[in-house]
Amino acid sequence: MVDFKSTLNLPDTPFPMRGDLAKRELGWVRDWQQRGVYKRLRSIARGRPRFVLHDGPPYANGDIHIGHAVNKILKDVIVKSRTLSGFDAPYVPGWDCHGMPIEVQIEKKHGKHLSAEETQRLCRAYAAEQIERQKVDFRRLGVMGDWDNPYLTMAYRNEADEIRALGTLLGKGYVYRGLKPVNWCFDCGSALAEAEVEYEDRKDLAIDVGFPFADRDRIAKAFGLPKLPDKPGFAVIWTTTPWTLPANQALNAHPEFTYHLVDTERGLLILAADLQQSCLARYKLSGTTLAGCTGSALEGIAFCHPFYDRLSPVYLGDYVTLDTGTGIVHSAPAYGVEDFESCRRYGMKDEQILTPVQGDGRFVKSLPLFGGAMIWDANLEIVAEIERRGALFDKAPYVHSYMHCWRHKTPVILRATVQWFAGMDATPGYRGVKPAETLRATALRGIDATRFFPAWGQARLHGMIASRPDWTLSRQRQWGVPMPFFIHKETGELHPDTLELLEAVAKRVEEGGIEAWQRLDARELLGDDAQRYDKIKDTLDVWFDSGSTHFTVLRGSHRGETAFPADLYLEGSDQHRGWFHSSLLVSCMMNGVPPYKALLTHGFVIDMEGRKMSKSRGTGMSPQEINGTLGAEILRLWVASTDYSSELNLSKEILKRVVESYRRIRNTLRFLLANTSDFDHARHAVPLAEMIEIDRYALALTARLQQELEADYERYQFHLVVQKLQTFCSEDLGAFYLDILKDRLYTCRADSHARRSAQTALYHVTHSLVRLLAPILSFTAEELWAVFTGGGDDSVFFHTWHALPALEEPEQLMARWSRLRALRAPARKRIEDLRAEGRVGSSLQAEVDFHLDGADYDLLASLGDDLRFVMLTSAARVHRTTEERVDVAPSELIKCERCWHYREDVGADAARPGLCGRCVANLYGEGEARRHA
RNA sequence: UGCAGGGUGGAGCAGCCCGGCAGCUCGUCAGGCUGAUAACCUGAAGGUCGCGGGUUCGAACCCCGCCCCUGCGUCCA
């Protein structure tokens, strides 16, 4: 038997079947870096319309985790797909460098008693180190960007511009200074942002405390009694924070609730009517109701403080509820927002508010009875004191969820301090300048003008902005951008030249970083005035750092290569409260508009049980680990194939699935390469009009795919991209077109029209696919590009979507072949029956007879003898009949040793034994002609 | 407790806006090919579309209620 294998055009390519990704990706990362691909891409894209995705800066502490990877990969897919769409899409990555977590790290390493300047120096070095580590991991993911020139919030220029931004806000009249209860952490010694607070269960002591009657006549009058019985009396309150009692300055009652005056063994009690029973039960007292009145009747009546010699008047408040307690609430304006606001409403001034708790959690020394005590320790002493004075009615442990510092995990309190604020509704103004509308109104209008992916983000951000309180801009930390103000020692007023002084400081910071402010002697700027002014030590909230990058980066350090406003900000959904929020507020104050045209959010990574990924539970999967085993490409494909708008599920099992689907795509690509390796488009391409019909159909399918994927990319629907790519590779190519094509590619003459037509189609399919894949499977696409285009200094990213040849009537072609495929299916199934009976193996062993009528008959008949190639059978006949059916039978003819078809003319040429007629023609004659398949 | 999102064969997702046989890929099982071969092709099994009502000739899809999951926020003075 002659070996005809060598007479076939079998696939051939150096593109390996196995990606060996974990190892070989490193080579591409290095290659991109060495060749300066990003930089060259910028010059290639220069002049195109710009698309700016502004990177939200990750915090420069710790190695990247899976969430970072998801975020950066999504950004990368967008930047690359926009580039391929013909945009100039720069990507300037950034890092958030200041703030407490880093300061805490330094404290841990070096202790607490460093000078501010030394702390800053160490923090700066630490952050720089963290950034380099993260940068390596980000690059390893295949993320392309300006890694040699990222933005850092700690860059001197950035720090200086941030001070300038502060100056702008002040000058426009948004900033004010005032006393206000803010979340306060004793361990931080600082106010916390809303985002820095989390809730955890905590056990406290809940106590019921009586405030003795002070004005018996007014109480009697309120209850409509001529005179009170001659017994002691109390208004009873319930609290879980005994330590706030030394700062008590009022009692709150609801204006519409009914309160009873109850006669008990321990005297007269005032309680909310609805809570009377439960309270008395708790106090183990029995009582009779003497009279009742509404809360509003109690307004202004003063009661004695339980252990200090002063009075607390009743103020009315709608926020008083009947869920727990007594219906009367004790009010310590320095330690509760509602308390603060109600006391303010009743005319209390800042300086009247009692603030006995210091920043370290201890009572001031001068506080009678409890001076110097830590508030948590003082709780017990306070309860004991109340008990001693006979004012304690009940005490019981109480578990409730309570605010904790996200860093220290220790309880946080509300504490009135002097802070700087950006007013949401109040427009404090600055030297006569006032914004035309409130910040809240500007921001809400900005949200309405922003596009959201997914759309529901809009309602969410809107809701947050609508209800948020004023922004506390100041912090009492070291590692942060200073609020370089000078305050008059007596009046507390800002220096009249503050705007100029800020600019002067900014200039110095630009030269020497925030350390320059630390070093600055006030006399250098103020001269003799210096002794009358305090140099403020506050720093800016770190959210202000990242919230002002649209100014410090887009209009500052990277203004030439980016633009304002950005086309897109993209972050995890938690950033509605974080970066989206702070950026919106800063930009609305500075520019009156948001810094972005659109916002995209993604969910968090969770495991199979629907739990959030966490290292402590051992379910966490690190990107470093995945990169090192499966490859970053698998991580990228997983991210892209997941609907990121809700949670992203990840597990070993899921990654295994992703690896499988990667293999499928990779092998399809390999087949395409292997069958075009001897094809030179310039010399061999068949003109569109002369191409074989099924090849033109393949082009039509590809054109439709490309059109759909371009749209999916545009709408950031990457999971649809992956799904369609997959289906295309499996269904349209693998199971249909390529399967049919093998015969023609392998058996026709290498340079025949029939084969070159197929290769022309494959050439275009490959060009289209490799680019459509590139944003997601960047490593694979680049690898393929090098093989396909013959190496050189090119990159797939230097190109745009492939321009496919324009078919004249693609719809007609699609309709015709869709029907053909539908008619093919039952025949394939009948062949499978034969196979199950053991009567055929390969489908080429079968012959098929279609019995059809009408359009279907015409359709199949129109293919002539080429129908058998579409059917993958040795013969396919069509018969006109009204009784439609498909017959399949094993061939009784002889198998051609070369093409494996079972044909009558095998051996007809005595000189060529074992060969069928067309193989003889292909090998020694003119070659066969194909028109349809 | 408020806001938002989700719940479709073992896994990942379509379908829902605009009601009309529940679909794709992967996996599983069975078979084939041995000229894409650690690949490829064919077929099959597998789903009460979270639950309960309603509207409708007809509901995964529209309406109401509930349950569960996730994120964000908030609260117990």
Side-chain angles (χ1 to χ4, degrees), chain A residues 4-5 8-13 17-18 194-195 199 204 206 237-241 244 252 317 319-321 323-326 328-332 335-336 338-339 398-403 454 456-460 462-464 467-468 572-578 601 603-604 606 608-612 638 641-643 645-647 649 651 653-654 656-664 666-668 670-675 719-720 722-727 729-731 734-736 738-739 742-743 745-747 828-829 831-833 835-836 838 840-845 872 898-900:
Chain A
F4 288 105
K5 193 164 169 176
L8 299 172
N9 315 298
L10 291 179
D12 177 35
T13 178
M17 188 153 80
R18 313 254 296 169
E194 297 90 82
Y199 286 79
D204 268 312
I237 64 100
W238 180 79
T239 179
T240 57
T241 53
T244 57
N252 293 141
Y319 57 89
V320 177
T321 66
D323 302 338
T324 49
T326 62
I328 305 173
V329 175
H330 114 82
S331 173
Y335 305 107
E338 284 160 341
D339 309 33
Y398 186 77
V399 178
H400 58 147
S401 93
Y402 187 82
M403 302 190 294
W456 47 260
Q458 190 154 32
R460 193 163 156 194
H462 197 279
M464 286 180 181
S467 62
R468 69 153 293 144
S573 58
D574 56 335
Q575 297 302 327
H576 282 109
R577 178 145 295 263
T601 45
F604 290 87
I606 58 172
M608 291 282 259
E609 281 84 52
R611 292 275 194 67
K612 205 167 160 183
W638 165 71
S641 64
T642 305
D643 179 359
S645 61
S646 52
E647 312 87 58
N649 293 310
S651 67
E653 176 70 15
I654 289 170
K656 218 168 99 188
R657 293 292 112 78
V658 176
V659 170
E660 295 298 331
S661 60
Y662 173 77
R663 280 207 194 118
R664 176 68 212 221
R666 184 175 178 93
N667 269 305
T668 305
R670 179 165 184 267
F671 185 85
L672 294 173
L673 285 182
N675 284 289
H719 65 292
L720 299 184
V722 173
Q723 194 160 323
K724 286 171 188 171
L725 274 172
Q726 188 98 15
T727 305
C729 287
S730 296
E731 292 285 287
F736 182 72
L738 298 183
D739 208 20
K742 285 177 200 166
D743 176 86
L745 287 165
Y746 299 166
T747 68
R828 308 287 304 161
K829 185 142 165 48
I831 292 172
E832 186 61 22
D833 294 340
R835 196 175 280 135
V840 301
S842 155
S843 79
L844 282 177
Q845 266 179 272
L872 301 172
R898 183 168 176 273
C899 73
W900 296 344

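In this text the structure is predicted, and so the values were computed from the model without any measurement. We name chains A, B, ... by the order of the sequence lines, and we start the count at 1 in each one.
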Does OP1 or OP2 of C41(B) have a side-chain N or O of Arg664(A) closer than 4.0 Å?
yes

Same-atom distance (P) from G58(B) to C67(B), integer angstrom:
29 Å

Can you list the residues that meet the side chain to side chain contact (heavy atoms under 4.5 Å, CB included) rule with Ser730(A), with sequence neighbours excluded?
Arg664(A)

Is Trp638(A) stacked against the base of G12(B), taking the criterion as centroid distance under 5.5 angstrom and interplanar angle under 30°?
no

Flag the pair Arg577(A) and Asp574(A) as a salt bridge only when some basic side-chain nitrogen lies within less than 4.0 angstrom of an acidic carboxylate oxygen.
no

Taking atom C1' of C72(B) as reference, at what distance in whole Å does atom CZ of Phe604(A) sit?
9 Å

Look at all strands and tell whether Glu731(A) reaches a base, only sugar-phosphate, or nothing, counting heavy atoms closer than 4.0 Å.
sugar-phosphate

RNA chain B: Thr727(A) or Cys899(A), which has the more 5' nearest nucleotide?
Thr727(A)

When rounded to the nearest Å, what value does the distance between C1' atoms of C51(B) and G7(B) take?
11 Å

Compare side-chain N and O positions of Ser730(A) against OP1 and OP2 of C26(B) and report whether any pair is under 4.0 Å apart.
yes

Less than 6.0 angstrom separating the ring centers of Tyr746(A) and Trp900(A), yes or no?
no

I want to verify a distance call: between A11(B), C13(B), G35(B), whose nearest atom is closest to the Arg657(A) side chain?
A11(B)

Side-chain atoms of Arg663(A) come closest, of A39(B), C24(B), C76(B), to A39(B)

Trp238(A) CH2 - C76(B) P separation (whole Å):
10 Å

Non-neighbouring partners of Thr601(A) that pass side chain to side chain contact (heavy atoms under 4.5 Å, CB included), sequence neighbours left out
Pro454(A), Ser573(A), His576(A), Phe580(A)

Assign Asp643(A) to base, sugar-phosphate, or nothing according to its heavy-atom contacts below 4.0 angstrom with the strands shown.
sugar-phosphate

Whether Arg898(A) side chain and Thr747(A) backbone form a donor-acceptor pair below 3.5 Å:
yes

Classify Glu660(A) by what it touches in the nucleic acid, base, sugar-phosphate, or nothing, heavy-atom distance under 4.0 Å.
sugar-phosphate

Using a heavy-atom cut-off of 4.0 Å across all strands, would you classify Ala836(A) as base, sugar-phosphate, or nothing?
nothing

Using a heavy-atom cut-off of under 4.0 Å over every strand shown, decide if Lys724(A) touches base, sugar-phosphate, or nothing.
nothing

Using the P atom as the point on both nucleotides, what is the distance between G35(B) and C29(B), in whole Å?
26 Å

State the OG1-CZ distance between Thr668(A) and Arg663(A), to the nearest 0.5 angstrom.
13.5 Å

So what does Arg898(A) touch, heavy atoms closer than 4.0 Å: a base, only the sugar-phosphate, or nothing?
base

Integer-rounded Å distance: U34(B) C1' and Trp900(A) CH2:
7 Å

List in chain and number order the residues that pass side-chain hydrogen bond (donor to acceptor under 3.5 Å, both in side chains) with Arg666(A), two or more places apart in sequence or in another chain; answer none if no residue qualifies.
Tyr662(A), Glu783(A)

Backbone of Asn649(A) reached by a side-chain donor or acceptor of Trp638(A) within 3.5 Å
yes

Rounding to an integer number of Å, can you tell me how far Arg828(A) CZ sits from G43(B) C1'?
11 Å

Provide the distance between the two C1' atoms, one in A44(B) and one in G52(B), to the nearest whole Å.
35 Å

Do any side-chain nitrogens or oxygens of His719(A) fall under 4.0 Å of OP1 or OP2 in A14(B)?
yes

Please state the C1' separation for the pair G15(B) and C24(B) - nearest whole angstrom.
11 Å

Kindly compute the distance separating CD1 (Ile328(A)) from CD1 (Ile237(A)), expressed to the nearest 0.5 Å.
9.0 Å

Closest nucleotide of RNA chain B for Met403(A) versus for Ser661(A): which of these residues is on the 5' side?
Ser661(A)

Ion pair check, Arg835(A) and Glu832(A), cut-off under 4.0 Å:
yes

dist Tyr335(A):OH -> Thr244(A):OG1 (nearest 0.5 Å) comes out at 9.5 Å

Counting only side-chain nitrogens and oxygens, does Asn649(A) get under 4.0 Å of the OP1 or OP2 atom of G12(B)?
yes

Between atom CG of Asp833(A) and atom CZ of Arg828(A), what is the distance when rounded to the nearest 0.5 Å?
12.5 Å

When the C1' atoms of A22(B) and C49(B) are compared, how many Å lie between them, rounded to an integer?
8 Å

Would you state whether a donor and an acceptor, one from the side chain of Lys656(A) and one from the base of A11(B), lie under 3.5 Å apart?
no

Counting the atoms with a prime plus P, OP1 and OP2 as sugar-phosphate, which does Thr244(A) contact under 4.0 Å by heavy atoms, base, sugar-phosphate, or nothing?
nothing

Among the candidates C76(B), C26(B), A36(B), find the nucleotide nearest to the side-chain atoms of Tyr398(A).
C76(B)

Touch class at under 4.0 angstrom, heavy-atom based, for Gly734(A) against every strand present:
base

Heavy atoms under 4.0 Å, any strand shown: does Arg670(A) hit a base, just sugar-phosphate, or nothing?
sugar-phosphate

Once you round it to whole Å, what is the distance between P of U34(B) and OH of Tyr746(A)?
13 Å

Give me, pair by pair, the N or O atoms of the protein and of nucleotides 2-9 of chain B that are less than 3.5 Å apart, along with how far apart they are.
none

Gap in Å between the two P atoms, one belonging to G23(B) and one to G5(B), rounded
29 Å

Find the distance Asp574(A):CG to G71(B):C1' and express it as a whole number of Å.
9 Å

Which part of the nucleic acid does His330(A) contact within heavy-atom distance under 4.0 Å: base, sugar-phosphate only, or nothing?
sugar-phosphate

Here RNA chain B, pairs taken as Watson-Crick or G-U under 3.5 Å and shown with ( ), [ ] when crossing and | when to another strand, reads ((((((((.[[[[.)....(..]]]].(((((.......))))).....[[[[[..)....]]]]])))))))....

Could you give the CZ-to-C1' distance, from Arg835(A) to G32(B), as a whole number of Å?
5 Å

What residues form a salt bridge (Lys or Arg N to Asp or Glu O under 4.0 Å) with Glu731(A), not counting sequence neighbours?
none

Could you tell me how far G12(B) sits from C18(B) if I compare only their P atoms? Round to whole Å.
29 Å

How would you label the contact of Gln723(A) with the nucleic acid (heavy atoms, under 4.0 Å): base, sugar-phosphate, or nothing?
base

Give the rounded distance in Å between these two atoms: CG of Leu844(A) and C1' of U42(B).
13 Å

Is the shortest side-chain N/O distance from Lys5(A) to OP1 or OP2 of G35(B) below 4.0 Å?
yes

It should be established whether Tyr662(A) places a side-chain nitrogen or oxygen under 4.0 Å from OP1 or OP2 of nucleotide C26(B).
no

